[in-house]
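Heads up: numbering here begins at 1 and tracks the sequence. All values derive from a computational prediction rather than experimental measurement. As the structure lists them, so they are numbered: ligands from 1, and atoms in each ligand from 1.
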Amino acid sequence: MKVLLLGATGNVGSRLIPALIAHKHQVVVFVRSASKLPSTAKTQLTAVVEGDGTDSDAIKAAILKENCGAVINAADLAAMTRWHAPSQLPKIFAAVAKAAVEAGKERGGPPLRCWFLSGFNLLDGPKEPHLLADYLPFFPEHRQNYIFIQKYSPKTDLAWSLFCANLLTPRHTPAAYPHPTEATADNLVAAADVPPAWSDKWKGIPVVGTFLNILVNASGYRAPLEDCADFLAADLEKGLGSEWVGKRVGLKVKPRAG
Ligand SMILES: NC(=O)c1ccc[n+]([C@@H]2O[C@H](COP(=O)([O-])OP(=O)(O)OC[C@H]3O[C@@H](n4cnc5c(N)ncnc54)[C@H](OP(=O)(O)O)[C@@H]3O)[C@@H](O)[C@H]2O)c1
């Protein structure tokens with residue numbers, strides 16, 4: 001599949017380039033400055049488009065010109081709390097979604113497949129219908145984006161998925177080329193809309209049990225960047241048939257056998 005990638009010079013995006021290439025995708029990057037791309041990455045790209053992630057028209061033009069079937073948005077980092085300076089993420093998120101919806105409709109074919117990097121606390125908490133964000137009020141812009149994306153039908157407008165990772169840690173810095181073979185989606189367990197492999201071990205403690213349970217659980221949802229990049233690249237091979245279309249997706253490292 002031909003994939004338009006935003007955020008290619010960042011932590012997540014720089015690992016996505018080799019992972020997408022390992023899965024035989026063609027990668028078109030949409031970056032503010034091509035000079036920030038390492039030369040190893042540049043030689044493997046199908047095209048480089050320079051522009052700002054808030055410019056919906058430019059993103060749409062890139063999708064149509066390069067005939068991309070999928071988009072991954074890993075651009076900008078959400079502000080940690082509502083007291084931190086706001087990021088451009090909500091603007092970029094909205095611009096990417098609008099561009100991808102319009103490009104799909106203008107092309108007259110099926111909707112585009114689109115992954116958005118999001119936050120762990122967008123997943124459902126143990127007491128429905130609460131989000132984990134009701135207990136862990138960090139990165140509030142991700143919640144704003146989740147509300148925004150729900151106006152688009154995953155079947156007819158945009159086959160979106162939200163990647164709801166907790167802290168992502170690198171196996172290799174800088175990003176390794178080629179994609180490291182040990183970094184595979186097989187190392188992860190995933191679930192739609194809830195954190196996978198949740199434990200209710202601490203829940204029974206009076207008064208603070210639910211909150212303590214969430215805090216203890218959340219710390220177990222770190223995952224290697226390269227494994228998550230592999231997960232996304234592998235999923236794009238499924239196209240519109242992916243089980244994650246229209247879902248928030250939680251991930252956890254699989255426990256080691258034995
Ligand atoms: N890293 C984690 O542990 C983690 C965990 C969970 C979720 N996430 C989510 O994953 C996403 C990416 O995180 P990250 O750690 O990779 O962030 P990062 O390292 O700060 O990278 C951000 C990327 O966004 C690009 N960017 C920023 N503003 C832009 C704009 N206006 N137009 C186009 N590109 C722009 C940057 O490009 P320049 O080089 O031009 O600055 C850079 O490539 C975020 O949504 C984050 O919340 C990250």
- Around atom 17 (O) of ligand 1, find the nearest protein heavy atom and jot down its residue, atom name and distance. Leu77 CD1, 3.7 Å
- Has ligand 1 got any nitrogen or oxygen that is less than 3.5 angstrom from a nitrogen or oxygen of Gly51? no
- Task: Using non-hydrogen atoms of the residue, decide whether Lys91 is closer than 4.0 angstrom to ligand 1.
- Result: no
- Task: Considering heavy atoms of the protein only, find what lies nearest to atom 40 (O) of ligand 1 and give residue, atom and distance to 0.1 Å.
- Result: Arg32 NE, 3.0 Å
- Message: Over 60° means perpendicular and under 30° means parallel, so tell me whether Phe211 and Tyr135 are parallel, tilted or perpendicular.
- Response: tilted
- Side chain, backbone, both or neither: the part of Ser33 lying under 4.0 Å from ligand 1 by heavy atom: neither
- Task: May I ask you to check whether Leu89 has an N/O atom sitting below 3.5 Å from an N/O atom of ligand 1?
- Result: no
- Closest protein heavy atom to atom 19 (O) of ligand 1, given as residue, atom name and distance to 0.1 Å: Asn11 N, 2.9 Å
- Query: Is the closest basic N to carboxylate O distance between Asp235 and Arg113 below 4.0 Å?
  - Reply: yes
- Query: So, does Ser14 sit close enough to ligand 1 that a heavy atom of it is under 4.0 Å from the ligand?
  - Reply: no
- Under 4.0 Å from ligand 1, counting heavy atoms only, is it the side chain of Thr169, its backbone, both or neither? neither
- Message: By the ring-ring contact (aromatic ring centres under 6.0 Å, His included) test, which pairs, at least two apart or in different chains, include something from residues 10-52?
- Response: none
- Does any N or O in the side chain of Asp230 come within less than 3.5 Å of the main-chain N or O of Ala185, such that one atom is a donor and the other an acceptor? yes
- Task: Please report which non-hydrogen protein atom sits nearest to atom 4 (C) of ligand 1, along with the residue it belongs to and the distance in Å to one decimal place.
- Result: Leu168 CD1, 3.8 Å
- Query: Looking at CG of Leu20 and NZ of Lys2, how far apart are the two atoms once the value is rounded to the nearest 0.5 Å?
  - Reply: 14.0 Å
- Note on the structure: Among non-hydrogen protein atoms, atom 47 (O) of ligand 1 lies closest to His142 NE2, 3.1 Å
- Query: How many angstroms lie between atom CZ of Phe116 and atom CG of Leu158, to the nearest 0.5 angstrom?
  - Reply: 5.5 Å
- Query: Out of Ser118, Ala74, Ala95, Ala223, whose heavy atom is nearest to atom 8 (N) of ligand 1?
  - Reply: Ser118
- Query: Judged by non-hydrogen atoms, does Gly119 sit under 4.0 Å from ligand 1?
  - Reply: no
- Task: Could you walk me through whether Glu243 and Lys238 pass the salt bridge (Lys or Arg N to Asp or Glu O under 4.0 Å) test, one step at a time?
- Result: CA-CA 9 Å; Glu243 68 269 45; Lys238 302 174 199 161; 3.1 Å; yes
- Query: Is atom NZ of Lys65 surrounded by more than 12 heavy atoms (other residues, nucleotides or ligands) closer than 6.0 Å?
  - Reply: no
- Task: Give yes if a backbone or side-chain nitrogen or oxygen of Thr9 is under 3.5 Å from a nitrogen or oxygen of ligand 1, and no if not.
- Result: yes
- Query: Purely on distance, is any nitrogen or oxygen of Gly10 under 3.5 Å from one on ligand 1?
  - Reply: yes
- Item | Glu141 versus Ser87, side-chain donor and acceptor atoms under 3.5 Å | yes
- Query: Polar-atom distance check: Lys36 versus ligand 1, any N or O pair below 3.5 Å?
  - Reply: yes
- Consider ligand 1: state whether an atom of it lies below 4.0 angstrom from any non-hydrogen atom of Asp52. yes
- Proximal ligand 1 atoms for Leu167, defined as those under 4.0 Å from one of its heavy atoms: 3 (O)
- Task: Provide, to 0.1 Å, the distance between atom 5 (C) of ligand 1 and the closest protein heavy atom, together with that atom's residue and name.
- Result: Asn166 O, 3.1 Å
- Task: Fit a plane to each ring of Trp198 and Tyr221, take the angle between them on a 0 to 90° scale, and name the class: parallel (under 30°), tilted (30 to 60°) or perpendicular (over 60°).
- Result: tilted
- Are the charged groups of Arg15 and Asp227 less than 4.0 angstrom apart, N to O? no
- Task: Indicate if Val96 and Val48 have the same hydrophobic cluster label, given that clusters are the connected sets of ILVMFWY residues with side-chain heavy-atom separations under 4.5 angstrom.
- Result: no
- Heavy-atom nearest neighbour in the protein, as seen from atom 25 (C) of ligand 1, with distance rounded to 0.1 Å: Asp76 N, 3.7 Å
- the protein heavy atom lying closest to atom 9 (C) of ligand 1 turns out to be Leu117 CB, 3.9 Å
- Query: Taking distance alone, with no angle check, do Gly53 and ligand 1 share an N/O pair under 3.5 Å?
  - Reply: yes
